[in-house]
Each structure stands twice: as C-alpha cells, then as structure tokens.
Colleague: 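I have a structure I would like to understand better, so I am pasting it below and will then ask my questions one at a time.
These figures come from a predicted structure and were not determined experimentally. In what follows, chains carry the letters A, B, and so on, assigned in the order in which the sequence lines appear, proteins first and then strands, with residues in each chain numbered from 1.
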Number of protein chains: 2
Amino acid sequence: MEKQHNLSKNQKIIFDLIDKSPEPLKAYSILFNVQKKGINAPLQVYRALDKLVEIGKIHKIESRNAFIACQNSSCQISKATAFSICESCEKVSEISNTKLSKYLSNFADESGMKYSKYNLEFFGLCKKCKSK
Amino acid sequence: MEKQHNLSKNQKIIFDLIDKSPEPLKAYSILFNVQKKGINAPLQVYRALDKLVEIGKIHKIESRNAFIACQNSSCQISKATAFSICESCEKVSEISNTKLSKYLSNFADESGMKYSKYNLEFFGLCKKCKSK
DNA sequence: TAACACTATGTAATAATATAACATTTACAA
DNA sequence: TTGTAAATGTTATATTATTACATAGTGTTA
Ligand SMILES: [Zn+2]
Ligand SMILES: [Zn+2]
Ligand SMILES: [Zn+2]
Ligand SMILES: [Zn+2]
C-alpha cells in the first residue's frame with residue numbers, strides 16, 4: 001500500500017502546475033506562474049519542491065535544473081529514476097523499464113558501497129528531431 | 001588512437017587544480033584558488049570548465065554542481081559516465097565497470113529515441129561511513 | 001607576407017538558481 | 001490543552017552561470 005500524502009496548499013498549487021506542464025519547469029518559472037495564487041517568494045517554491053521530490057510526486061532533472069511530475073503513479077521508485085532527454089527539443093520523459101531498474105537497483109561493485117538510490121539521464125535525439 | 005588536446009594556459013591551470021583535488025571542486029572554489037595565477041573572473045573559469053568537459057578531461061557531477069578529473073585515462077567514455085556519491089561524507093568516485101557501461105550504452109527502449117550519451121549517479125554510504 | 005578563420009582571453013555587468021535567518025501559523029496527536 | 005512537527009510568510013543574501021563586448025594568439029592558406 002502506498003503511503004498517502006495530503007499535500008498542503010502551496011504544495012498542491014505547485015504540484016498541479018508541474019503536473020499539467022508538458023515540459024519540465026524551472027523554479028523561477030514556477031514562481032512567476034503562481035504569484036497570482038499568493039506565492040511570492042523563491043523559498044516558498046523551493047520548500048514545496050523539496051517536499052514533492054521527497055515524497056516522489058515530482059523529480060528533479062539535474063542536468064536541467066528543472067522539475068517534472070512523476071509518470072509512474074507517484075513513483076514507488078523515486079529513489080531509482082531514469083529519464084530520456086532530447087538535446088534538440090529538450091523533451092524529457094521518465095523511463096519506466098523494469099529490466100533497467102532491476103539492473104541498476106541491484107548494481108554493486110567492488111567499492112564496498114551500498115547504493116540506495118540512483119539517477120540516470122540519457123541524452124540523444126527524439127524520433128521527431130532525428131527525422132529533421 | 002586518442003586525440004591529443006593541447007590545453008591552453010587557463011585550461012591547464014584549472015585542470016591541474018581539479019586533478020590534484022581529492023574531491024570534486026565547485027566553480028567558485030576553483031576561481032578563488034586560481035586568482036593568484038591571474039584568473040580573475042567567473043567566466044574564465046567556466047570557459048575552461050566547458051572545454052575540459054567537452055574533451056573529457058573532467059566531468060561535472062550534476063547533483064553537486066562540481067567537477068572531478070576523469071579517472072579513466074582521459075575518458076574515452078565522456079559520453080558514458082557513472083559516479084558513486086556518498087551522501088554522508090560526499091566522497092565521489094568515477095565508476096569504471098565494463099558491464100555497466102556496455103549495458104547502458106546499448107540500452108534502447110520503445111520510445112524510438114537514439115541515445116548517444118548518459119550520466120548516472122549512484123547514491124549511498126561509503127564503506128567508511130557505513131561502519132560509523 | 002597578408003588575409004582569414006578559429007580559439008582563447010580579459011573585463012564588467014547581470015541573470016538564474018538556491019539558501020539562511022527569523023517570526024508566525026496550522027495540523028494534529030498525546 | 002499542551003506539545004510538537006510541518007508548513008507558511010518575509011527579507012536578505014549566497015551561489016551558480018551567462019551575456020555582451022573588446023582584444024589577442026594560433027595556425028592555415030592565398
Ligand atoms: Zn517517477
Ligand atoms: Zn527532440
Ligand atoms: Zn571519465
Ligand atoms: Zn562516506
């Protein structure tokens with residue numbers, strides 16, 4: 001059973017915006033978009049983002065400093081994320097591939113490190129951009 | 001045969017600093033450290049970093065906004081990078097694992113996307129920090 | 001040599017991303 | 001109702017990165 005998180009007011013406003021967006025959103029673009037709803041300061045945005053990331057409702061695309069809603073039913077795998085990023089049009093998608101996530105979640109090397117989390121970003125050209 | 005890159009003056013200064021460092025360095029920490037060598041402005045640092053990343057002498061740790069020297073003999077695989085990051089002591093190592101890099105380099109899914117590059121960051125506790 | 005293209009440098013200003021510090025309020029359980 | 005954790009509001013500031021413009025070096029070729 002998945003834990004239920006009742007989003008607070010700011011968290012809900014910001015999640016809804018990200019969830020509706022077809023592309024990853026940056027913090028200050030979010031701020032600009034929610035100012036009409038009474039969220040005035042960067043910190044209010046970053047606090048909501050932090051929480052939403054923590055509970056797996058959104059993910060941060062590290063190479064882009066942008067945030068995207070989880071596509072895997074409120075990510076049971078927020079500690080195991082993989083994305084594809086088109087370097088031409090900047091389209092970003094979350095990859096849900098059982099084999100891949102199993103392979104990486106079980107990955108171990110000789111370092112003696114215990115890995116509890118990973119983030120993977122693939123780059124390339126999407127179908128559309130390839131055919132241009 | 002690997003292409004030879006003759007580093008320019010600023011590139012060399014900045015590469016040497018990163019290469020000697022036991023930990024990833026941030027751009028402004030680099031700037032601070034090279035001011036005695038006549039590099040005065042952020043842009044001088046960022047330009048050198050961009051070039052060094054491009055030719056694979058260093059890598060950017062995206063989740064930390066920091067830079068580390070390539071550990072794989074001037075990375076033939078600067079387009080296929082993997083790191084382990086200790087969330088306690090922040091130790092970062094480059095992972096060289098042939099199976100892993102083969103697996104990821106050959107990864108394809110149904111999206112029709114052609115992946116030419118990836119970056120993977122594993123998080124966890126290093127040996128030292130685990131035993132505390 | 002001269003003309004050209006390309007890479008690198010220097011400098012100032014500014015943009016974009018993120019956090020610190022502090023005061024207050026809300027949710028909710030003991 | 002008292003305690004506590006989570007969330008909010010606000011101001012200021014820190015950190016990371018780029019724009020714009022001027023100049024200088026490097027190597028190639030006419
Ligand atoms: Zn997800
Ligand atoms: Zn595309
Ligand atoms: Zn490398
Ligand atoms: Zn450690």
Side-chain angles (χ1 to χ4, degrees), chain A residues 3-18 21 23-68 78 85 87 90 92 119 121, chain B residues 3-18 21 23-68 83 85 87 90 92 119 121:
Chain A
K3 185 172 176 202
Q4 174 67 28
H5 287 281
N6 295 307
L7 300 185
S8 73
K9 176 173 145 282
N10 289 359
Q11 287 160 15
K12 185 156 183 3
I13 291 170
I14 286 170
F15 174 72
D16 286 345
L17 182 68
I18 295 172
S21 171
E23 63 199 355
L25 294 179
K26 302 189 146 225
Y28 276 72
S29 138
I30 292 169
L31 175 57
F32 179 79
N33 274 281
V34 297
Q35 281 181 326
K36 48 184 170 292
K37 304 225 175 180
I39 293 176
N40 304 299
L43 193 47
Q44 294 177 290
V45 173
Y46 281 105
R47 282 196 286 225
L49 290 173
D50 285 350
K51 187 67 184 185
L52 291 168
V53 166
E54 186 195 324
I55 64 180
K57 299 281 287 182
I58 66 172
H59 304 300
K60 182 173 187 181
I61 310 300
E62 291 287 356
S63 66
R64 298 298 186 263
N65 298 317
F67 299 85
I68 191 177
S78 77
I85 302 171
E87 290 186 294
E90 292 293 324
V92 175
N119 180 58
E121 298 181 5
Chain B
K3 185 171 177 203
Q4 175 64 29
H5 287 281
N6 295 307
L7 300 185
S8 73
K9 176 173 144 283
N10 288 359
Q11 287 160 15
K12 185 156 183 2
I13 290 169
I14 286 170
F15 174 72
D16 286 345
L17 182 68
I18 295 173
S21 170
E23 63 199 356
L25 294 179
K26 301 189 146 225
Y28 276 73
S29 138
I30 292 169
L31 176 56
F32 179 79
N33 273 281
V34 297
Q35 280 181 327
K36 48 184 171 291
K37 305 224 175 182
I39 294 176
N40 305 299
L43 191 48
Q44 294 176 290
V45 173
Y46 281 105
R47 282 197 286 225
L49 290 174
D50 285 351
K51 188 67 184 185
L52 291 168
V53 166
E54 185 195 324
I55 64 179
K57 300 280 288 181
I58 66 172
H59 304 300
K60 182 174 188 181
I61 310 299
E62 291 287 356
S63 65
R64 299 297 185 263
N65 298 317
F67 299 85
I68 191 176
F83 303 95
I85 302 169
E87 290 185 295
E90 291 294 325
V92 174
N119 180 58
E121 298 181 6

Colleague: What closest approach, in Å, do B/Ile18 and B/Phe67 show between heavy atoms, and which atom pair accounts for it?
Modeller: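 In terms of heavy atoms, the two residues are closest at CG2-O, 3.8 Å.
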Colleague: What nucleotide, of C/dT17, D/dA20, D/dA7, holds the atom closest to the side chain of A/Asn65?
Modeller: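 Of C/dT17, D/dA20, D/dA7, C/dT17 is nearest to the side chain of A/Asn65.
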Colleague: Using the closest heavy atom to pick a nucleotide of DNA chain D for each, name whichever of A/Leu43 or A/Lys51 lands nearer the 5' end.
Modeller: A/Lys51
Colleague: Is there a side-chain contact between A/Leu7 and A/Ile55 in this structure, where contact means two heavy atoms from C-beta onward sitting under 4.5 Å apart?
Modeller: yes
Colleague: Quick one: is A/Lys26 getting a side-chain N or O under 4.0 Å of the C/dA16 phosphate, OP1 or OP2?
Modeller: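 Looking at the OP1 and OP2 atoms of C/dA16, neither is under 4.0 Å from any side-chain N or O of A/Lys26.
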Colleague: What is the distance, rounded to the nearest whole Å, between atom CG of B/Asp50 and atom P of D/dA17?
Modeller: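 Spelled out: CG on B/Asp50 to P on D/dA17 is 10 Å.
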Colleague: State which of D/dA7, D/dA17, C/dA18 makes the closest approach to the side chain of A/Lys60.
Modeller: C/dA18
Colleague: Taking only side-chain N and O atoms of A/Gln44, does any of them lie within less than 4.0 angstrom of OP1 or OP2 on D/dT8?
Modeller: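 False: A/Gln44 side-chain N/O out of range (4.0 Å or more) of D/dT8 OP1/OP2.
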Colleague: When the distance from CD1 of A/Ile39 to P of D/dG9 is rounded to whole Å, what number comes out?
Modeller: 7 Å
Colleague: Round to a whole Å and report the spacing from CG of A/Leu31 to P of C/dA16.
Modeller: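 Distance, rounded to whole Å: 13 Å.
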Colleague: Below the 4.0 Å mark, does C/dT9 have OP1 or OP2 next to a side-chain nitrogen or oxygen of B/Lys9?
Modeller: no
Colleague: What do the steps show when you test A/Ile58 against A/Ile14 for side chain to side chain contact (heavy atoms under 4.5 Å, CB included), and what is the final call?
Modeller: CA-CA 10 Å; A/Ile58 66 172; A/Ile14 286 170; 6.0 Å; no
Colleague: Within the pair A/Asn40 and D/dT10, is there a side-chain N or O less than 4.0 Å away from OP1 or OP2?
Modeller: yes
Colleague: Side-chain N or O of B/Asn6 less than 4.0 angstrom from OP1 or OP2 on D/dT26?
Modeller: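 Answer is no, no contact under 4.0 Å.
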Colleague: For B/Arg64 and C/dT19, give me the distance from atom CZ to atom P, rounded to whole Å.
Modeller: 11 Å
Colleague: Once you round it to whole Å, what is the distance between C1' of C/dA8 and NZ of B/Lys12?
Modeller: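 For the pair B/Lys12 NZ and C/dA8 C1', the rounded distance is 17 Å.
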Colleague: Using atom NZ of A/Lys37 as one end and atom P of D/dG9 as the other, report the distance to the nearest whole Å.
Modeller: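 So the two atoms are 14 Å apart, to the nearest Å.
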Colleague: Please determine if a side-chain N or O atom of B/Ser8 lies less than 4.0 Å away from the OP1 or OP2 oxygen of C/dT9.
Modeller: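 Affirmative; the distance criterion is met.
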Colleague: Taking CZ from A/Arg47 and C1' from C/dA20, how many angstroms apart are they, rounded to a whole number?
Modeller: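 So the two atoms are 11 Å apart, to the nearest Å.
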Colleague: Is the ring centre of A/Tyr28 under 5.5 Å from the base ring centre of C/dT17, and are the two planes under 30° apart, so that they stack?
Modeller: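 According to the criterion (under 5.5 Å, under 30°), yes, A/Tyr28 stacks.
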Colleague: Calculate the interatomic distance between B/Tyr46 atom OH and C/dA13 atom C1'; express it in whole Å.
Modeller: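 Computing the B/Tyr46:OH to C/dA13:C1' distance gives 16 Å.
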Colleague: Quick one: are B/Ile85 and B/Glu90 in side-chain contact, heavy atoms under 4.5 Å?
Modeller: yes
Colleague: Does B/Glu121 come within less than 4.0 Å of B/Arg64, counting only side-chain N to carboxylate O?
Modeller: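 Looking at B/Glu121 and B/Arg64, the cut-off is not met.
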Colleague: Considering only D/dT18, C/dT19, D/dA20, which nucleotide approaches the side chain of A/Pro42 most closely?
Modeller: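 Output: C/dT19.
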